[in-house]
Structure formats: structure tokens, C-alpha cells
2 protein chains.
Amino acid sequence: MHSGDAQPLQPNAVIAVDVVLFKVRHSEHIDEAWQVLLVQREDAAFAGKRSLPGVLVRAEETFDAAARRALHTKAGLDAAGWYLEQLGTFSAPDRDTRGRVVSVAHVALQRTDELTLVPGGGIMRAEWAPVRSVFGEELAFDHDAMLGAAVQRVQSKLRYSWLAFQVLPETFTLPQLRAVYAAILDASLLRLNTSNLKKTFAPLLASGALVPVGERASTTGAGRPGDLYRFQGPVAGTWERELPWQEGSSVNE
Amino acid sequence: MHSGDAQPLQPNAVIAVDVVLFKVRHSEHIDEAWQVLLVQREDAAFAGKRSLPGVLVRAEETFDAAARRALHTKAGLDAAGWYLEQLGTFSAPDRDTRGRVVSVAHVALQRTDELTLVPGGGIMRAEWAPVRSVFGEELAFDHDAMLGAAVQRVQSKLRYSWLAFQVLPETFTLPQLRAVYAAILDASLLRLNTSNLKKTFAPLLASGALVPVGERASTTGAGRPGDLYRFQGPVAGTWERELPWQEGSSVNE
DNA sequence: GCAAAAGTGTTCATCGTACACCCATGG
DNA sequence: CCATGGGTGTACGATGAACACTTTTGC
């Protein structure tokens with residue numbers, strides 16, 4: 001690569017960035033709690049189909065900046081500070097009819113307590129869709145494949161890291177934490193006992209990364225409200241750990 | 001992204017592909033068993049520095065094809081059929097002085113029984129370097145970062161998948177298999193007992209994915225030769241599994 | 001007081017680890 | 001026959017899973 005001298009190279013492709021933005025919201029149906037942001041396309045080529053928000057990368061712009069700009073211009077969301085990670089690059093020569101467009105897909109996560117504003121001023125109609133309901137729907141370009149890869153990535157990362165806290169509000173209860181795992185990995189996790197759940201996070205409690213606030217959540221219907229916890233970003237080295245639950249993902253069937 | 005009508009889009013970047021090719025060879029020093037392919041640069045800008053093999057992507061070429069072409073033209077290797085996987089895309093606007101060059105890094109693995117030929121006809125001087133000895137050395141561009149990411153990827157994938165068999169010859173012994181894990185993950189794994197090693201691979205033996213050949217390896221010095229095994233690619237669903245060993249990678253210190 | 005949901009403690013099975021012993025080869 | 005390395009079986013300890021029981025809320 002990069003052979004030859006220091007002469008400028010001739011651009012040979014169009015670089016775009018697409019974002020798969022997930023959130024987890026409360027829902028009676030746990031299957032609909034995990035949601036992804038889609039925008040309605042207005043091109044002739046993909047009329048009626050939905051797609052992920054994305055933009056072309058500017059000359060001096062980083063991918064990270066481009067991804068956040070995509071969320072801003074396409075859905076009116078201010079993604080500054082949100083969890084954002086590169087997912088993979090999609091490059092089939094024929095994936096776009098307008099030339100060799102290479103798209104770098106990203107995964108973003110949004111905290112549920114930061115309200116989702118999709119102002120009318122936005123260029124496109126953006127809306128949340130339950131992840132599991134989008135499977136089977138045909139998205140524009142190869143965005144089905146991007147979504148599939150993003151689902152895999154988030155599910156696996158949820159198992160071997162503490163990613164779940166990226167989705168929870170500042171303070172939360174253990175049942176809320178459990179609901180995140182249930183929504184993304186397997187609905188049957190809802191039946192996990194508090195005792196066993198707590199044992200899983202025992203190392204975090206011991207290390208001081210997860211601290212009890214000392215208050216109860218405000219009540220929501222019947223039953224005892226849960227104790228509130230706060231997650232303090234831990235030292236870098238302790239960030240990742242293996243989680244026990246290894247159920248097959250129920251998304252793919 | 002993809003906005004506007006069906007008019008051709010103006011190329012805005014140069015797309016390149018770089019390959020991190022690993023192999024594991026026998027060695028008295030287990031630290032030198034895991035090796036990576038580097039090529040000597042001859043540019044003025046990076047004189048003396050080594051880099052990963054790479055090429056610019058052609059108009060109608062897939063990344064996969066470009067990556068294999070890089071190995072072919074830069075090191076004379078015929079990578080057809082080798083394990084190859086996309087690693088990530090490196091895109092800092094200033095990573096190359098010749099313009100906005102975006103490089104998609106790939107990881108490739110080579111079986112030890114396919115002899116490594118680096119014919120003199122190759123355009124560049126290619127050579128194998130022990131992975132752990134390259135840390136600290138400065139490579140051209142951001143290839144240090146690429147190598148680092150590749151090391152992480154292979155180490156982690158070795159733990160949760162059966163990637164090791166991609167590096168072993170057609171038939172192999174359990175001690176050879178153990179050596180692969182020791183070379184890539186942690187040298188102390190060399191002391192793992194055969195009994196425990198076998199227990200780890202018990203599911204593979206039970207499912208018929210790993211079959212005893214029924215012969216012994218030809219002898220190599222003192223001691224009893226090991227039983228030979230053959231790995232038959234399993235059905236897709238059973239491909240991944242969690243491995244127990246979770247030592248911290250000894251590479252980073 | 002009763003139902004519903006959260007939290008606590010204990011028991012049991014599973015599995016990774018350690019270790020003691022047997023087998024096959026070269027010198 | 002002895003040193004070296006591969007292979008087999010067993011015993012122990014850590015840990016994830018299940019369950020019985022207590023606590024706190026709304027009706």
C-alpha cells in the first residue's frame with residue numbers, strides 16, 4: 001500500500017459513514033424494549049425503504065465526527081459524549097449504484113434518560129423501531145447486513161464487558177439492569193433471581209465501580225421499589241470481564 | 001451518506017488495504033513462535049521503517065481480493081483459501097501525507113505446513129518477525145496501531161472460537177495445539193496438563209469435529225510421540241465456544 | 001391482609017485445576 | 001534402565017443455578 005513517492009494520490013472511492021444507534025426503553029413487551037433508529041429514505045432508488053442514518057465523510061473530518069454529524073443532521077440528536085464505536089466497513093463494489101461507495105458502519109448507544117428528541121426541523125423522518133421487528137424488513141443498501149453485524153457486536157460485547165451501563169440512566173436499580181440484559185440477549189433472563197444477579201456483579205461492587213446510592217427508586221406500580229445504584233467508570237484495566245450467561249441469541253430464530 | 005439522486009458521486013478519498021499476516025512456527029523460545037509478516041519500505045518518507053503489506057484497492061475489486069493481492073505482490077505468497085478477516089478501518093486525516101488515505105486493515109492466518117516462500121522476485125523484501133519483538137519498534141504510518149489491534153483480535157478470538165485450527169497443519173498432536181495457545185496467549189500454558197487440555201476440547205471430540213487419526217506422530221527427540229488428530233470443519237452453529245483460560249495477555253507488558 | 005416485586009441466604013451440581021500414576025520413545 | 005515427554009484417571013475447590021424465605025410497597 002501507499003507505494004510510490006510523496007505525490008498526492010488520486011481519490012478512488014467515496015467514503016461514507018453509517019450509524020446504528022440503539023436504545024433500550026421500558027416496555028411491557030420485553031421484545032420491543034431494544035430499539036434502533038431508522039430514517040425514511042426519499043431517494044427514487046430506495047423509495048419506501050428505510051435506512052440507517054449516514055453521511056459522506058468530509059475531507060478533514062474524522063469518522064467519529066462524521067458519525068455524530070449523521071445523527072445530528074438526520075435525526076436532530078446531539079450525540080456528543082455518547083458511546084460510539086466502529087463496527088466494520090462495507091464495500092461490495094455494487095452496493096451503491098452511484099459509484100464505488102465504501103461505508104464505515106458504527107454502533108452508538110444512547111442512555112434512556114437523555115430524552116430522544118427528533119425535531120421536525122430534521123431533514124429526514126427518523127423513528128425508533130424494535131430491533132427484532134426490523135429483522136426481515138428490507139432496508140436500503142446493505143443496511144440489513146450492517147444491522148445484523150451491529151446486533152451481534154452489541155450482544156457479544158454485553159457479555160464480556162460492562163457495556164450495559166452505557167444504556168442505563170445515572171442511577172438505576174438492579175431489576176433495571178437485568179432488563180437491559182433481557183432486552184438485548186434473551187427475554188428469559190427476566191426471571192433471573194436478584195441474588196444470582198447480584199453475585200454476577202459482586203466484583204464490581206467490591207471494587208467500588210458500582211456503588212449503592214442508599215435510596216429506593218420511586219415506586220412504579222405494585223411491589224417493593226428497588227435499591228438505587230450508580231456506576232462510576234472503573235479504571236481501564238478492570239473494564240472488561242467475562243459474564244456467565246451464554247444463551248444462544250434468540251434474535252436470529 | 002448516499003444522499004441526493006442517482007448521479008455518480010465524486011470520489012473523496014483513497015482506499016487502501018493492509019494485511020497483518022500471522023503464523024506460528026516451532027521454536028525453542030516460545031516467545032518467538034508467533035510471527036508477523038513485515039515488508040521493508042523504500043519510500044523516502046519512511047526510509048528504514050518496516051510496514052505491513054498493503055495495496056490500493058482497485059475500482060471493481062473487493063477488499064478480500066485486494067488483501068490477497070497485497071500478499072501476492074508484496075511477498076510472493078499465494079493466499080488463496082487462507083483465513084482472512086476484516087479488522088478495522090484506520091482513517092486519521094493525517095495518517096498519510098499524500099492525501100486522505102483510508103486503510104482497511106485485515107488479519108490473515110497461515111498454516112504452518114504450507115511452506116512460506118518469499119521469492120526474490122517479490123517487489124519488496126518481506127520477512128517474518130516475532131510479534132513480541134515488534135512491539136516498541138516503530139512501523140510506517142499507523143501500522144503499529146494496526147498490529148496492536150490485530151494482536152488483540154487474534155488473542156480474543158482464540159479464546160472464544162476454534163481459531164487455533166486455522167494455524168495448525170492437517171494433522172497435529174495435542175501438544176502442538178497447546179503450543180499454539182501458549183505462543184499467542186501466554187507462555188505458561190505450555191505447562192497445561194494433557195488431561196485438562198483434552199477436557200477443554202471434549203465437546204469437539206464428542207461432536208466429531210476433532211477426530212483421532214489413530215497414528216502417532218513421527219518422533220521428535222526424546223519422549224513419547226503424541227497421538228495425531230484431524231480437525232473437520234464443524235457445522236456453522238457449533239463453531240464458537242468459550243474457552244476457560246482467561247490469563248491477562250503477557251504481550252502488553 | 002394479600003398480592004406483587006425486591007432482596008437475602010443456603011444448597012447442589014458442574015467444571016476447571018491440581019496431582020498422582022501409567023505408557024512409549026531415545027540414549 | 002533411566003530420563004523425557006505424552007496420556008489417563010481421580011480428588012478438590014470455586015462458582016453458577018435453583019430454591020426457600022424475608023422485606024417492602026399498593027390495593
Side-chain angles (χ1 to χ4, degrees), chain A residues 26-28 30 158-160 168 171-182 185-206 210-229 241-248, chain B residues 26-28 30 158-160 168 171-182 185-206 210-229 241-248:
Chain A
H26 294 285
S27 170
E28 322 84 59
I30 188 69
L158 195 65
R159 275 188 281 259
Y160 70 77
L168 288 165
T171 66
F172 51 88
T173 65
L174 290 187
Q176 274 183 291
L177 177 57
R178 177 177 55 195
V180 171
Y181 284 92
L185 290 179
D186 190 329
S188 71
L189 288 174
L190 264 192
R191 274 170 250 131
L192 243 190
N193 202 322
T194 327
S195 169
N196 297 331
L197 184 73
K198 207 164 183 175
K199 248 182 255 181
T200 302
F201 293 95
L204 282 192
L205 283 164
L210 186 64
V211 282
V213 173
E215 299 173 19
R216 291 261 164 72
S218 55
T219 178
T220 60
R224 167 179 173 177
D227 294 345
L228 285 175
Y229 290 83
R241 214 217 106 187
E242 192 64 31
L243 289 177
W245 320 312
Q246 290 290 0
E247 351 257 327
Chain B
H26 294 286
S27 171
E28 321 85 59
I30 189 69
L158 195 65
R159 274 189 281 260
Y160 69 78
L168 288 165
T171 66
F172 52 87
T173 66
L174 290 186
Q176 276 183 289
L177 177 58
R178 176 178 55 196
V180 171
Y181 284 92
L185 291 180
D186 190 327
S188 72
L189 287 175
L190 264 193
R191 273 172 248 130
L192 243 192
N193 202 323
T194 327
S195 168
N196 297 331
L197 184 72
K198 207 163 183 176
K199 249 181 254 179
T200 303
F201 293 96
L204 282 192
L205 283 164
L210 186 63
V211 282
V213 173
E215 298 173 21
R216 292 260 162 71
S218 54
T219 177
T220 62
R224 169 180 172 176
D227 294 344
L228 285 174
Y229 290 83
R241 213 217 105 187
E242 192 64 30
L243 288 178
W245 321 313
Q246 290 288 0
E247 350 258 327

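No hydrogens, no waters, no symmetry mates; every other heavy atom, side chains included, goes into these values. Protein chains get the first letters and strands the later ones, always in sequence-line order, with residue 1 at the start of each.
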Would you please name every residue forming a side-chain contact (heavy atoms from CB on, under 4.5 Å) with A:S27, sequence neighbours left out? A:R25, A:H29, A:E32, A:A33
Please enumerate all residues that pass side chain to side chain donor-acceptor pair (under 3.5 Å) together with B:R224, with sequence neighbours excluded. none
D:dG6 P sits how many Å from B:L177 CG, rounded? 13 Å
B:V211: which residues meet the side-chain contact (heavy atoms from CB on, under 4.5 Å) condition with it, sequence neighbours left out? B:R230, B:Q232
When you measure from the side chain of A:K198, which nucleotide among C:dA6, D:dT8, C:dG7 comes out closest? C:dG7
Quick one: B:L205 CG to D:dT8 P, roughly how many Å, whole number? 10 Å
In terms of side-chain heavy atoms, does B:N193 have a donor or acceptor partner in B:S195 at a distance below 3.5 Å? no
When the distance from CZ of A:R191 to C1' of C:dA6 is rounded to whole Å, what number comes out? 18 Å
A:R178 CZ to C:dA5 P: how many Å, rounded? 10 Å
Shortest non-hydrogen contact from B:I30 to B:A187? CG2-CB, 3.6 Å
In short, B:R178 meets B:T194 closest at the heavy-atom pair NH1-N, 4.2 Å
Nucleotide N/O to protein N/O under 3.5 Å, stretch nucleotides 22-26 of chain D:
unit_1: D:dT23; atom_1: O2; unit_2: A:R224; atom_2: NH1; d: 3.1

To the nearest Å, give me how far apart CG (A:N193) and P (C:dG9) are. 13 Å
Round to the nearest Å and state the distance from A:Q176 atom CD to C:dG7 atom C1'. 16 Å
Stepwise side-chain contact (heavy atoms from CB on, under 4.5 Å) check, A:Y229 with A:L177: CA-CA 10 Å; A:Y229 290 83; A:L177 177 57; over 6 Å; no
Shortest non-hydrogen contact from A:D227 to A:R216? OD1-NE, 2.8 Å
Atom pairs, N/O to N/O, protein against nucleotides 10-12 of chain D, distance under 3.5 Å?
unit_1: D:dT10; atom_1: O4; unit_2: B:K199; atom_2: NZ; d: 3.2

Once you round it to whole Å, what is the distance between P of C:dA18 and CG of B:L197? 14 Å
Starting from P on C:dA18, measure out to CG on B:L192 and report it in whole angstrom. 8 Å
Output the single nucleotide from D:dG7, C:dG7, C:dC19 whose closest atom is nearest the side chain of B:D227. D:dG7
